[in-house]
Amino acid sequence: MNNYLLIPSLPLAAFLINILLGRDFLKEKAHWTSILAVAGSWVVAVMTLVDVYGGGRVNEDLYTWISSGGFKVSVGFLIDPLTAVMLIVVTTCATLIHIYAVGYMHGDKGYYRFFAYLSLFTFCMLMLVMANNFLQLYFGWEGVGLCSYFLIGFWFDKKSAADAGKKAFIVNRFGDFGFGLGVIMIFLTFGTLDYTPVFGQVGGFALNTVNFLGYDVHLMTLIALLLFCGSIGKSAQMPLHVWLPDAMEGPTPVSALIHAATMVTAGVFLVARCNPIFSLSETALIVVALIGAITSLFAATIAIVQNDIKRIIAYSTLSHLGLMFLACGVGAYAAGIFHLYTHAFFKALLFLAAGSVIHAVHTNDIQKMGGLRKYMPVTYAVFFLAALSAGGVPGFAGFFSKDEIIWLAYASHSPVGKFVWIIGTIVAFFTPFYSFRLIFLTFHGKFRGTHEEEHHLHESPKVMTIPLMLLAIGAVAAGWVGIPHLLGGGANFAEFLKPVVGHPEAHGTHAEEWAVMGISVLIGFAGIGLAALFYLYRPELPVRVGQMFSGIYKVLYNKYYVDELYSFIIVRPTIWIAKNILIGITDARIIEAIVNGVPNAIGVFSQGLRRIQTGFLQHYATIMAAGVLIIVALMLLR
């Protein structure tokens, strides 16, 4: 396992080479540096997984980063089962998406810069998941946020992209402020930021309280909720979810890598990594479960009426992230990570397949598509497989992880377990419905664009379709490592993670587990059937239903007006304060008064002084004589 240092080092080297030499020397060959580096990281990550599976574990400090009095932090690495899973997810998806981006970004004027940013992001994400202390975790956390800003606004000459990048960066500051306070609280409580001593001491603080804003609150609850603030921002949970749909303004490979497979799952990873802290606070777990469940249902209902192909998948991402938090909130951390793992494959595949469609039709609006399956058979096939997996169809990866969450929510000790189980089951209906609505409107029926546009429809090049086919394997088979005992499997994934995150006891019979699974599967097939009825056999029905429930449709289409609410209560007041107080008073009247007032005063004084300088000798003699008389008079008075 001594080679694990290469995992983050190779992408960092690729970033430095591309950003320094890409524009003048590498140019259209810049992708080779990044692809080879990330592929090298994947090879080492697989070797690391094999070592960890065999019982290996590393917790090693590389060098001292900060040393100031009692505050000491090192750059170090923790390699355990949770880290190994995240390394496989990050490096596998990153490698395939880097290859796909060669075709998607071909000819872009910022080609070298794009691959430099992707490599930097991969480095930061790997530093985040490999960290053995909270400050290094925070460094990676902010690093991936910075790269997200760079890549969302990559086409910065497009106003909507520039605005989306700023929105993502600013919204995440709210969550990261709480996360930063949580890290400070950990140091003040435990005297260190290293995972091992912190998690080893948490039991001794299980009953401690602390005065917070005048109230005595449970210490572990406070720390857990502050850390969870960061998760809410980074993983786009309510109420900080608004940045992720707008982030679709970035290039599609960015949407797949950052906003589906890796960065947005950092919040789930954080909760799972800090499970010793969260498990000591029932209140914190209830908050995590409820926010996850509500976000999942909230996003799923929005997705059913959207027409932008990437935004539909973005809301699907929000919904699935909510399911992961739901799992963590009922104590099923391994189930949450299992869904993170399977989701990375089928959601990255959905985004990249959507990018393949956009590459062909040059629009994001599914109402202007249709009939694409005969022109894009490979894209259609992989899209269909990804939708089956996302919809939880038995046998596909998403089925095993999603149903594990729903069952453990039902069978948990959590006070909100049955409630979030109901929400998860409802989401199991909406997910296949909007997934197959997307497929039917995009690939079936007649093409709804112009004849000229139809003439130019074509399948994407192999550099894009081969990664799609490889991801499709993951979308189908990734879940087979976690087949539950009920279906004859060994639940190996949960057993692998058990030393790190434990495994909750499921309080229910086999009959109940069969029933919960059966309800979920049946309701999922009902979603697919309704989508087929609406968009294949009776396409006039969606219009009639929309007219019948026009109020609800309008609310869902406008995303519950959350953006408008934030604009009214936050954005507009902030702009008003900036214009009228910060600029109108502070800048114009105070700062400008000082900056311009001092030179003006000097000018006025100088103008007066110039009148004395007449150039006539008798005037100077008179002034000197008057001065002497004044001095003599003052001396006599004293």
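What you see is a predicted model; the values in this text were computed from it and never measured. The residues of the chain are indexed from 1 along the displayed sequence.
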Heavy-atom distance under 4.5 Å between the side chains of [X] and [Y], does that happen here?
X: F114; Y: V254; result: yes
X: F447; Y: E453; result: yes
X: F534; Y: P539; result: no
X: I366; Y: I312; result: yes
X: Y104; Y: M464; result: yes
X: I575; Y: K579; result: yes
X: P239; Y: I232; result: yes
X: V361; Y: L372; result: yes

Quick check: does any side chain N or O of [X] sit under 3.5 Å from a backbone N or O of [Y], one acting as donor and the other as acceptor?
X: T295; Y: M238; value: yes
X: R437; Y: A532; value: no
X: S235; Y: G267; value: yes
X: S567; Y: D563; value: no

Out of Q237, K347, K234, which one pairs with L321 under the side chain to side chain contact (heavy atoms under 4.5 Å, CB included) rule?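 Only match with L321 under side chain to side chain contact (heavy atoms under 4.5 Å, CB included): Q237.
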Does the plane of the ring in Y117 sit parallel, tilted or perpendicular to the ring in F150? Use 30° and 60° as the thresholds. parallel
Carboxylate-amine/guanidinium proximity below 4.0 Å for [X] and [Y]:
X: E540; Y: R538; answer: yes
X: R311; Y: D365; answer: no
X: K167; Y: D163; answer: no
X: E142; Y: R173; answer: yes

Do [Y] and [X] have ring centroids that are under 6.0 Å from one another?
X: F383; Y: F443; result: yes
X: H241; Y: F298; result: yes
X: W243; Y: H259; result: yes
X: F228; Y: F325; result: yes
X: Y380; Y: H444; result: yes

Between atom CG of L87 and atom CH2 of W42, what is the distance when rounded to the nearest 0.5 Å?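 These two atoms lie 13.0 Å from each other.
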Could you state the interatomic distance from CZ (F440) to OH (Y535), rounded to the nearest 0.5 Å? 11.0 Å
Quick one: which of F345, Y341, F346 gives a ring pair (Phe, Tyr, Trp, His ring centres under 6.0 Å) with H343? F346
Listed by chain and number, what are the ring-ring contact (aromatic ring centres under 6.0 Å, His included) partners of F177, not counting sequence neighbours?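 F177 satisfies ring-ring contact (aromatic ring centres under 6.0 Å, His included) with no residue once adjacent residues are dropped.
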